[in-house]
Amino acid sequence: TYLANLLIDMYGKCGSLADASAVFGGIRRPNSFSWTIMMAAYARNGELSTARQLFDAMPCRGLVAWAAMVAAYAHQGLMPDAQDMLQRMPHWNVATWNAMLWAYGRAGNVDAATGLFTSMPEHDMVSWLALLTAFDRAGQVQEARAAFDAMPEHSAAACTSMLVAHARHGQLDKAVLLFDRMPPGTATMASWNALVAAFAAAGDLRAAESARAAMPQTSLDAWNSIVAAQAAAGQLQAAKAEFDRMPEHDAAAWNALLLAYLRSGNPDGACDLLEERMPVGAADLVSRNAVMACHCRAGRLGRARRVFDGMSERDAVSWNTMVAGYARTGDLAEAERLFRNMPRWDVVTCNLMICAYADDGRPAEAVRLFDTMQERD
RNA sequence: UCGAUACCUUUUUUU
């Protein structure tokens, strides 16, 4: 059972739900770990209702199982459901509070986050980090820094997050200082990656490169951030050269290169890369979505649609991109058709359809959709 | 040291 549990966990974390549940089903006597791991696997992969069914079917539910279910709802932003589970839990612990804290922070609800933080009976390093992140997400760097300074101790994760926050707000000096002040040997790969990305995003490629070279191990992530920074600056040749120096290329690397073509005004190069030169399996959802968006912006709806139709899986961005493409070219009929056939609508979907109706001179439809949206909240 | 909450790289879609 021990080994089977490890296996379920592994499959769950890499998205192979079918394999995970096959292993789970093959266990003679699943223990409480097995149940919770399987449940978390469904939750992680967005199958919330299946997770809930499993939760309800569990022979006995420990604190971790309850906390995991709360976290699952909170992670999806389903705060009412999360609250409801909270009420029904026999006990609470820090992890439960932390899950709620992160959800508030992610939603940009600083007030709820700070309120919860102050009313929590105890805090651990994750709680502090969640608070810092909540401020950062809301664009409040100073408050984030105040939270950082108030922490009882500075974990590597906290330093990394604070570093990123400074860098995002153009405070490269503060970011670098933070890294330099970290006790020797405590910087994780994440910290190093963040440092390299900070230099690269600020345009200091020389510093980025030397930081990357100084890393204890080679990091594709750090390398990707350098390529991406050049791509974002529209430097196609430099990005390509950097890309070619890399020992290996993961999906993020290919996407960074794609971005270089797109940002340097070379959509055809991007398409060619995606459709002809990228190795099979290298392209992921982000790659296809990016190229689709590019076709749409250039008014080539047919080509965009071909990419869309050829996708084995589509996410909200894929659908939204396609709908937006039709709406922009004035083909509202097709946009509407897709809109109705979408598996799920999010805020972006509603916004773009409202705008589309408004632009098309159908304010009544726009208002109706807006009202529907309000009700669903 | 079998399970829940956290940090880094690629972010593409609406305003």
Side-chain angles (χ1 to χ4, degrees), chain A residues 1-10 12 31-41 43-44 62-72 74-75 93-103 105 124-130 132-133 155-164 188-198 200 219-229 231 250-259 262 284-294 296-297 315-325 327-328 346-356:
Chain A
T1 307
Y2 177 91
L3 287 177
N5 287 349
L6 283 174
L7 209 55
I8 301 172
D9 196 37
M10 196 198 75
N31 59 18
S32 60
F33 284 72
S34 326
W35 283 93
T36 314
I37 297 169
M38 193 61 233
M39 193 196 94
R44 196 192 313 276
L63 181 57
V64 175
W66 281 95
M69 203 60 228
V70 172
H75 194 90
N93 69 357
V94 210
T96 318
W97 299 116
N98 289 345
M100 300 292 286
L101 203 51
W102 278 103
D124 63 5
M125 293 197 306
V126 177
S127 328
W128 280 100
L129 188 53
L132 190 162
T133 306
S155 63
C159 293
T160 306
S161 294
M162 197 62 236
L163 192 162
V164 172
T188 60
M189 287 298 272
S191 325
W192 280 98
N193 288 338
L195 180 72
V196 173
S219 159
L220 288 183
D221 289 339
W223 223 317
N224 288 341
S225 69
I226 297 177
V227 177
D250 58 9
W254 285 104
N255 289 341
L257 187 62
L258 265 179
L259 193 72
L262 298 176
D284 64 2
L285 261 175
V286 175
S287 331
R288 295 182 213 284
N289 287 343
V291 173
M292 253 174 55
C294 191
C296 284
R297 213 167 296 138
D315 64 2
V317 175
S318 325
W319 285 94
N320 289 339
T321 306
M322 211 55 235
V323 173
R328 198 187 343 234
D346 61 14
V347 200
V348 175
T349 321
C350 294
N351 286 345
L352 77 87
M353 280 309 290
I354 290 173
C355 292

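What you see is a predicted model, and the numbers here were worked out from it, not measured in a lab. Values below: every heavy atom of this structure, side chains too, minus hydrogens, waters and symmetry copies.
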Any base atoms under 4.0 Å from [X], or only sugar-phosphate, or nothing? Heavy atoms, all strands.
| X | value |
| --- | --- |
| A:Ser191 | nothing |
| A:Asn93 | base |
| A:Ala99 | sugar-phosphate |
| A:Ala324 | sugar-phosphate |
| A:Ala222 | nothing |

Between [options], which nucleotide has the shortest distance from any of its atoms to the side chain of [X]?
| X | options | result |
| --- | --- | --- |
| A:Asn31 | B:A4, B:C2, B:U15 | B:C2 |
| A:Ala40 | B:U14, B:G3, B:U5 | B:G3 |
| A:Val348 | B:A4, B:U14, B:U9 | B:U14 |
| A:Ala68 | B:C2, B:C8, B:A4 | B:A4 |
| A:Asn320 | B:U10, B:U13, B:C7 | B:U13 |
| A:Asn193 | B:U10, B:C7, B:C8 | B:C8 |

Quiz item: Taking C-beta and beyond as the side chain, do A:Asn320 and A:Val317 meet within less than 4.5 Å on heavy atoms?
Solution: no

Self-check item: Short side-chain to backbone donor-acceptor contact, A:Asn351 and A:Ile354, under 3.5 Å
Solution: no

Exercise. Return yes if some donor-acceptor pair links the side-chain N/O of A:Ser161 with the main-chain N/O of A:Ala158 below 3.5 Å, else return no.
Key: no

Exercise. Report yes or no: is the ring centroid of A:Phe33 under 5.5 Å from the six-membered base ring centroid of B:C2, with the two planes under 30 degrees?
Key: yes

Quiz item: Do any side-chain nitrogens or oxygens of A:Arg328 fall under 4.0 Å of OP1 or OP2 in B:U13?
Solution: no

Self-check item: Short side-chain N/O contact to B:U13 OP1/OP2 from A:Arg297, under 4.0 Å
Solution: yes

Quiz item: What residues, two or more places apart in sequence or in another chain, satisfy salt bridge (Lys or Arg N to Asp or Glu O under 4.0 Å) together with A:Asp9?
Solution: A:Lys13

Quiz prompt | Between B:U12 (C1') and A:Asp346 (CG): distance, integer Å | solution = 13 Å

Quiz item: Tell me: CG of A:Asn255 to P of B:U10, nearest whole Å?
Solution: 11 Å

